[in-house]
Number of protein chains: 2
Amino acid sequence: MLEWVERLAKYCSDQDGVPLIAGRVLGWLMICDPPEQSAQQIATAIGASRASLSTNLRLLSSVGFVRVLTKPASRTVYYRVDDDAWEKVVQRQIASLASLGNILHDGTPLAGPSPDRGGRLAAANEVFRWMQQIFDNAPPLPSSTRAAKE
Amino acid sequence: MLEWVERLAKYCSDQDGVPLIAGRVLGWLMICDPPEQSAQQIATAIGASRASLSTNLRLLSSVGFVRVLTKPASRTVYYRVDDDAWEKVVQRQIASLASLGNILHDGTPLAGPSPDRGGRLAAANEVFRWMQQIFDNAPPLPSSTRAAKE
DNA sequence: CATAGGTTTCATTGTTGACTGAAACATGCG
DNA sequence: CGCATGTTTCAGTCAACAATGAAACCTATG
């Protein structure tokens with residue numbers, strides 16, 4: 001249970017630069033029952049200070065990974081992971097790669113007209129064209145399919 | 001010229017956690033003439049200490065982004081960006097996302113059997129299946145095409 | 001075998017950013 | 001109005017890491 005949370009948190013921290021505690025929050029919110037929990041509940045579950053929770057919950061909701069919801073007749077705020085959180089993660093990674101492709105594309109005219117037989121920038125640009133093409137021909141994301149069902 | 005290098009370096013540092021100087025080295029090696037340069041040359045080009053160059057060149061070659069090559073009758077070591085460097089970047093990002101998909105998949109049995117009507121983990125797993133499928137149906141990478149040409 | 005050009009190691013410095021406790025802040029209830 | 005519960009802000013600590021200069025380390029060449 002908590003080991004799995006820690007595994008996900010480690011991924012977030014190592015690979016994506018997300019604060020460790022934010023990763024733990026995400027992990028916990030993916031498997032907790034019920035799916036919506038107060039800052040206090042999360043804090044005790046993952047063993048972090050309330051201050052950290054405040055900071056990280058604000059971060060996570062500002063980037064759209066968790067939803068903030070309030071229940072009637074209760075003054076506590078509940079947090080819940082957004083159903084499309086991981087889709088956003090994937091989309092952002094792809095967008096980030098695309099922008100890297102743009103940078104490299106912009107660099108093409110700068111490369112010296114040297115005996116650089118088709119290497120370097122040409123190879124780089126090919127890769128990003130390849131990626132572009134893949135996503136152009138890709139089926140729609142699951143979320144849009146889900147939305148269309150209604 | 002150097003502004004472009006800086007732009008790429010900033011991307012590397014901000015988005016990928018690569019040290020700023022390593023990003024500058026990569027950028028410079030993408031557009032310099034000739035394509036292979038000594039640590040000294042790079043150092044003066046991007047304005048960094050030789051110590052930093054040593055550290056970052058070791059890093060970059062250990063992860064396969066730059067090649068180390070020596071010329072006969074010269075004791076200086078030359079560095080050159082690998083033609084497939086950016087392809088590796090893309091591949092690693094994809095692999096990283098796939099491993100994230102695995103983590104989330106492994107979490108599925110942990111989710112409480114609560115009234116979590118198809119949300120959360122199910123949605124997450126859909127996204128990664130979607131991604132998997134895309135790359136399964138994708139054309140081969142440019143590098144393999146290039147290799148086949150010979 | 002000494003030297004010179006080039007590269008690496010080492011210890012230090014500076015900066016960044018996560019994390020925390022304590023205090024301040026809001027808000028529903030008696 | 002005061003209290004209790006829950007959340008946020010603030011200032012400070014601490015660890016991690018990039019970057020550097022200086023010194024040590026090769027190794028071809030004369």
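Naming convention: chains lettered A, B, ... in sequence-line order (proteins, then strands); numbering from 1 in each chain.
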>> Base, sugar-phosphate or nothing for Ser54(B)? Non-hydrogen atoms, less than 4.0 Å.
In response: base
> Using a cut-off of 4.0 Å on non-hydrogen atoms, how would the nucleic acid contact of Tyr78(A) be classed: base, sugar-phosphate, or nothing?
Replying inline: nothing
>> Walk along nucleotides 18-30 of chain C from 5' to 3' and tag each nucleotide B, S or - by protein heavy-atom contact under 4.0 Å, base first, then sugar-phosphate.
In response: SSBB-----BB--
> What salt bridge (charged side-chain N to carboxylate O under 4.0 Å, His left out) pairs are there with at least one residue in residues 87-101 of chain B, not counting sequence neighbours?
Replying inline: Asp82(B)-Lys88(B)
> For Asp14(A), which residues count as a salt bridge (charged side-chain N to carboxylate O under 4.0 Å, His left out) partner, sequence neighbours excluded?
Replying inline: Lys10(A)
Pairs under 3.5 Å (N/O, protein and nucleotides 14-16 of chain C):
none

> Between which nucleotides of DNA chain D, read 5' to 3', does contact with chain B run, using atoms under 4.0 Å from its heavy atoms?
Replying inline: dA19(D) to dA28(D)
>> Holding to side chain to side chain donor-acceptor pair (under 3.5 Å), I want the full list of residues that pass it with Tyr11(A), two or more places apart in sequence or in another chain.
In response: Ser96(B)
>> My understanding is that only residues two or more places apart in sequence, or in another chain, count here; which of them pass side chain to side chain donor-acceptor pair (under 3.5 Å) with Arg75(B)?
In response: none
Who passes side-chain contact (heavy atoms from CB on, under 4.5 Å) against [X], sequence neighbours left out?
X        : answer
Ser61(B) : Val66(B), Val68(B)
Leu2(B)  : Val5(B), Trp28(B)
Thr76(B) : Ser74(B), Tyr78(B)
Ser49(A) : Ala51(A), Ser52(A)

> Would you call Ser54(B) and Arg58(B) a side-chain contact if the rule is heavy atoms closer than 4.5 Å?
Replying inline: yes
Donor-acceptor pairs under 3.5 angstrom involving side-chain atoms of residues 17-26 of chain A: please list them, not counting sequence neighbours.
from: Arg24(A); atom 1: NE; to: Glu6(A); atom 2: OE1; distance (Å): 2.9
from: Arg24(A); atom 1: NE; to: Glu6(A); atom 2: OE2; distance (Å): 3.2
from: Arg24(A); atom 1: NH2; to: Glu6(A); atom 2: OE2; distance (Å): 2.9

